[in-house]
S.K.: 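I am attaching a structure below and will ask some questions about it afterwards.
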Protein chains: 2
Amino acid sequence: MPLKRIADSTVRRLSLYLRFLEEFENAGLTTVSSEELAARGGTTSAQVRKDLSFFGSFGKRGLGYQVGELTQRMRRILGLERDWRVVIIGVGKIGAALAQYEGFRQRGFRVVGLYDSDSAKIGREMYDLYVRSVDALADDNREQPVDIAVIAVPAPAAQRVVDQVVAAGITGIMSFAPIQLHVPSDVTLNTVNMAMELERLSYALSNRE
Amino acid sequence: MPLKRIADSTVRRLSLYLRFLEEFENAGLTTVSSEELAARGGTTSAQVRKDLSFFGSFGKRGLGYQVGELTQRMRRILGLERDWRVVIIGVGKIGAALAQYEGFRQRGFRVVGLYDSDSAKIGREMYDLYVRSVDALADDNREQPVDIAVIAVPAPAAQRVVDQVVAAGITGIMSFAPIQLHVPSDVTLNTVNMAMELERLSYALSNRE
DNA sequence: TTATGTGAACGCATTCACAGCC
DNA sequence: GGCTGTGAATGCGTTCACATAA
């Protein structure tokens, strides 16, 4: 849809704007200005307008934006008008927390499968799903294609699991393993590296005056 | 220590380099080149050298870097030579998962307190700690200062809790709440917004050809 | 000869400033 | 008059290319 490639930072902000818009909507507001959106997100009105301008002209000059309409537009842009079929691989502490995470379901990310390689966990029922062997992933995906695999296994196992996910034909991956993963270019990978985030905080705390 | 402000992206990469260096160290290697570090991290050798150059000249021309020495340097730069006293606020699913997270302890982030506002949870023992009321935070911090508060409460409660944390005098915050938080400028805040990361993935998946 | 360290060139995201429209 | 939309200017991180040192 957008003409040129959109910066990562822009997409992140769109996600913020969407949240603010939903709050405005719940508060019953019908109109919002770039200035108001900027104030909430700790950015500038010019930034907001520029971000939106990559996707079209959604506002009215002298007036602002229609909250309902802009909310809808943001949802469409971010690909949130559809449901995403998600499997979680690794049902340890983090995997289990994610499986129950309300934020998933709310945004249309439907957890449709749990996988693990620990035979003690395979077959167990968790949150209305049976934990299955990672080895079953390829067959399962053939029957009912999966959009996103969430990787929540220990670091040493992560690359191996990712290779299995890729081999199974799943092309969207969200990883919580604290390592750098490698995937083919037709697979989209997004990593949340908690260790890195902690160290970033540690750096910031160590270097302020 | 560094002369100019260091870019966020640089600090993130330093964190990656550290992990690779530790792997090289475990593998018994004594020397590493910027080229080798770059290959692992999916970046370029020039990038690696530039990143390091902000902090000093750690290598030998024609030779590369001493693994042991560079590892030590990275640790010092990232502030990982000391221990950090961490409290986790909100012992729901995510908080509980974090409390047990090995990556914390491994890097010197010692969880020294658990807090919640749910009276059903206060007083309960979890992982060798007693869950305490958030209201006790200020007193507790006076007795034994805390470096970092990890916020793992639901979004609607997050800003209120952060205000309490700030009022208690804690100046390092790591938040997992999926909202934009506001803190005074003398408080360092780092947010991991899972909802945003999911939407970023959704965007990427929706817009590939 | 090999690989670092770094000023200079480049490219891209943010900010500015104002024309355009309500 | 008020606020959007957007080229132009700016600032900043990345890449280049080479002088420098082992």
S.K.: Taking for each residue the nucleotide of DNA chain C bearing the nearest heavy atom, is the 5' side occupied by D51(A) or by K60(A)?
M.R.: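 Upstream on the strand: D51(A).
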S.K.: So, the side chain of T171(A) versus the backbone of V187(A): is there a donor-acceptor pair under 3.5 Å, distance only?
M.R.: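 No, because the side chain of T171(A) does not come within donor-acceptor range (under 3.5 Å) of the backbone of V187(A).
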S.K.: Side-chain N or O of Q47(A) less than 4.0 angstrom from OP1 or OP2 on dA13(C)?
M.R.: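 No, Q47(A) has no side-chain N/O under 4.0 Å of OP1/OP2 on dA13(C).
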S.K.: Roughly how many Å is it from CD in E36(B) to P in dA3(C), rounded to a whole number?
M.R.: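 The distance from CD of E36(B) to P of dA3(C) comes to 9 Å, rounded to the nearest Å.
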S.K.: On DNA chain C, check which nucleotide each of G62(B) and K50(A) is closest to and give me the residue with the more 5' one.
M.R.: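 In this pair, the answer is G62(B).
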S.K.: So, Q47(A) and D51(A): side-chain donor and acceptor under 3.5 Å apart, yes or no?
M.R.: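 There is such a pair (donor and acceptor under 3.5 Å, judged by atom type) between the side chains of Q47(A) and D51(A).
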S.K.: Would you indicate which nucleotide in dT14(C), dT4(C), dG5(C) comes nearest to any side-chain atom of S57(B)?
M.R.: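 For S57(B), the side-chain atoms sit closest to dG5(C).
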S.K.: With a cut-off of under 6.0 Å to the ring centre and 45° to the axis, is R40(A) in cation-pi contact with Y17(A)?
M.R.: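 No - R40(A) does not lie over the ring of Y17(A) by the 6.0 Å and 45° rule.
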S.K.: Round to the nearest Å and state the distance from R49(B) atom CZ to dT2(C) atom P.
M.R.: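 Rounded to whole Å, this separation is 15 Å.
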S.K.: With a 4.0 Å cut-off on heavy atoms, is T44(A) in touch with a base, just the backbone sugar-phosphate, or nothing at all?
M.R.: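 Sugar-phosphate only.
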S.K.: With a 4.5 Å limit on heavy-atom distance, are the side chains of V162(B) and L189(B) in contact?
M.R.: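 Side chain of V162(B) against side chain of L189(B), heavy atoms only: no contact under 4.5 Å found.
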S.K.: Which pair of heavy atoms, one from T31(B) and one from Q66(B), lies closest together, and at what distance?
M.R.: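 The answer is OG1-OE1, 3.4 Å.
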S.K.: Near DNA chain C, counting only heavy atoms under 4.0 Å, which residues of residues 66-76 of chain A show up?
M.R.: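 Heavy-atom cutoff 4.0 Å gives no residues at all.
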S.K.: Whole Å only: how far is the OH atom of Y65(A) from the C1' atom of dC22(C)?
M.R.: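 Rounded to the whole Å, the gap is 14 Å.
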S.K.: Could you go step by step and tell me if E199(B) and M196(B) meet the side-chain contact (heavy atoms from CB on, under 4.5 Å) rule?
M.R.: CA-CA 5 Å; E199(B) 292 180 11; M196(B) 184 187 291; 5.8 Å; no
S.K.: Of all nucleotides in DNA chain D that come within under 4.0 Å of a heavy atom of chain A, which is furthest toward the 5' end and which toward the 3' end?
M.R.: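 Nucleotide range in contact with chain A: dG2(D) to dA8(D).
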S.K.: Rounded to the nearest angstrom, tell me the gap between atom CG in L52(B) and atom P in dA3(C).
M.R.: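 Nearest whole value for this atom pair: 16 Å.
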S.K.: Are Q159(B) and D163(B) close enough that a side-chain donor and a side-chain acceptor fall under 3.5 Å?
M.R.: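 Yes.
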S.K.: Can R208(B) and T188(A) be counted as having a side-chain donor-acceptor contact under 3.5 angstrom?
M.R.: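 Yes, T188(A) and R208(B) have a side-chain donor paired with an acceptor closer than 3.5 Å.
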S.K.: Is a donor from one side chain sitting under 3.5 angstrom from an acceptor on the other, for Q180(A) and N193(A)?
M.R.: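 Absent: no donor and acceptor within the cut-off.
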S.K.: With respect to T71(B), which candidate in R75(B), M74(B), E69(B) satisfies the side-chain contact (heavy atoms from CB on, under 4.5 Å) definition?
M.R.: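 Passing option: R75(B).
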S.K.: In whole Å, what is the span from the CG atom of D8(A) to the P atom of dT14(C)?
M.R.: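 My rounded result for the distance is 10 Å.
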S.K.: Without decimals, in angstroms, what is the distance between R61(A) CZ and dA19(C) P?
M.R.: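 Atom CZ in R61(A) sits about 12 Å away from atom P in dA19(C).
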S.K.: Going by heavy atoms closer than 4.0 Å, what residues in residues 9-22 of chain A are next to DNA chain C?
M.R.: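 Close to the strand are S9(A), R13(A).
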S.K.: Looking at S34(B), I'd like to know whether one of its side-chain N or O atoms comes within less than 4.0 Å of OP1 or OP2 on dA3(C).
M.R.: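 Checking dA3(C) against S34(B), no side-chain N or O comes under 4.0 Å of OP1 or OP2.
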S.K.: Students often mix this up, so state it plainly: with edges at 30° and 60°, are the rings of F104(A) and F109(A) parallel, tilted or perpendicular?
M.R.: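 The arrangement is perpendicular - the two ring planes meet at more than 60°.
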S.K.: Decide, yes or no, whether a salt bridge links D147(B) with R110(B) under the criterion of side-chain N to carboxylate O below 4.0 Å.
M.R.: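 Looking at R110(B) together with D147(B), the answer is no, because their closest N to O distance does not fall below 4.0 Å.
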